[in-house]
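Data first, discussion second: the structure below is written as structure tokens.
Ligands are counted one by one from 1 in listed order, and the atoms in each one are counted from 1 as well. These values consider heavy atoms only, across backbone and side chains, with no hydrogens, waters or symmetry-generated copies. The first residue in the sequence is number 1, and the count goes up from there.
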Amino acid sequence: MKAIVVYLSTSGNTKAMAEAIANGIESKHVDAKAISFYDVKLEDLNGSDAIAVGSSTFYYRMLQPMEKFMDETLASTNPKGKLGAAFGSYGWSGEAPILIAEKMRDMGMIVIDPVLRILHKPTDKDLQECKRLGVDIAEKLKHKSKTPQPQGTPS
Ligand SMILES: Cc1cc2nc3c(=O)[nH]c(=O)nc-3n(C[C@H](O)[C@H](O)[C@H](O)COP(=O)(O)O)c2cc1C
């Protein structure tokens, strides 16, 4: 099982969240890495059972390159049925994670509710919350791998 945490962050706030989420996943012995949206490769996405995506909120939406990544890159990997999580730092309105989760659901992903939003720079307590989301991702992945998946329609 593998998880990837993809982020786009202008001043490091959402990046710090991503790293804490990846730590939380790894603490449950699930392979995870936090990776900047600029460096992520298609094979990273294709090889991941869980995909967490984070963007800070700018002008009441996610950062524009992240929107393009969701609509074009992530959608092209057909992530239907994969576990998803959305997160991001914000200043006052915080729409980005909600919009990310919406796009994930439109792609058929199973999205952890609620999304994780942190005001400005995460405090130590906030980072613990991020880590807890990582633990939740790992536990849901393990549970999912134990649950029999539909094998197609019976003949
Ligand atoms: C030009 C600009 C526009 C912003 N627009 C919003 C906004 O519409 N809503 C909001 O909640 N925060 C907004 N913010 C605040 C950022 O989301 C916040 O500073 C966040 O912590 C940045 O995180 P990052 O370092 O991960 O990019 C804006 C910040 C800037 C500089």
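Note: Asn13 CG to Leu119 CG = 9.5 Å, rounded to the nearest 0.5 Å. Note that the CD1 atom of Ile100 and the CD atom of Glu95 stand 11.5 Å from one another [nearest 0.5 Å].
The salt bridge (Lys or Arg N to Asp or Glu O under 4.0 Å) test applied to Lys140 returns Asp136, not counting sequence neighbours.
Clustering ILVMFWY residues whenever any of their side-chain heavy atoms sit less than 4.5 angstrom apart, transitively, puts Tyr7 in a cluster other than the one holding Ile4.
Pocket lining of ligand 1, defined as residues with a non-hydrogen atom under 4.0 Å away: Ser9, Thr10, Ser11, Gly12, Asn13, Thr14, Ser56, Thr57, Phe58, Tyr59, Tyr60, Ser89, Tyr90, Gly91, Trp92, Ser93, Gly94, His120.
Pairs engaging residues 109-127 under the side chain to side chain donor-acceptor pair (under 3.5 Å) rule: Thr123-Asp126 [sequence neighbours left out]. For the side chain to side chain donor-acceptor pair (under 3.5 Å) condition, the pairs that include at least one residue of residues 42-58, sequence neighbours left out, are Lys33-Asp44.
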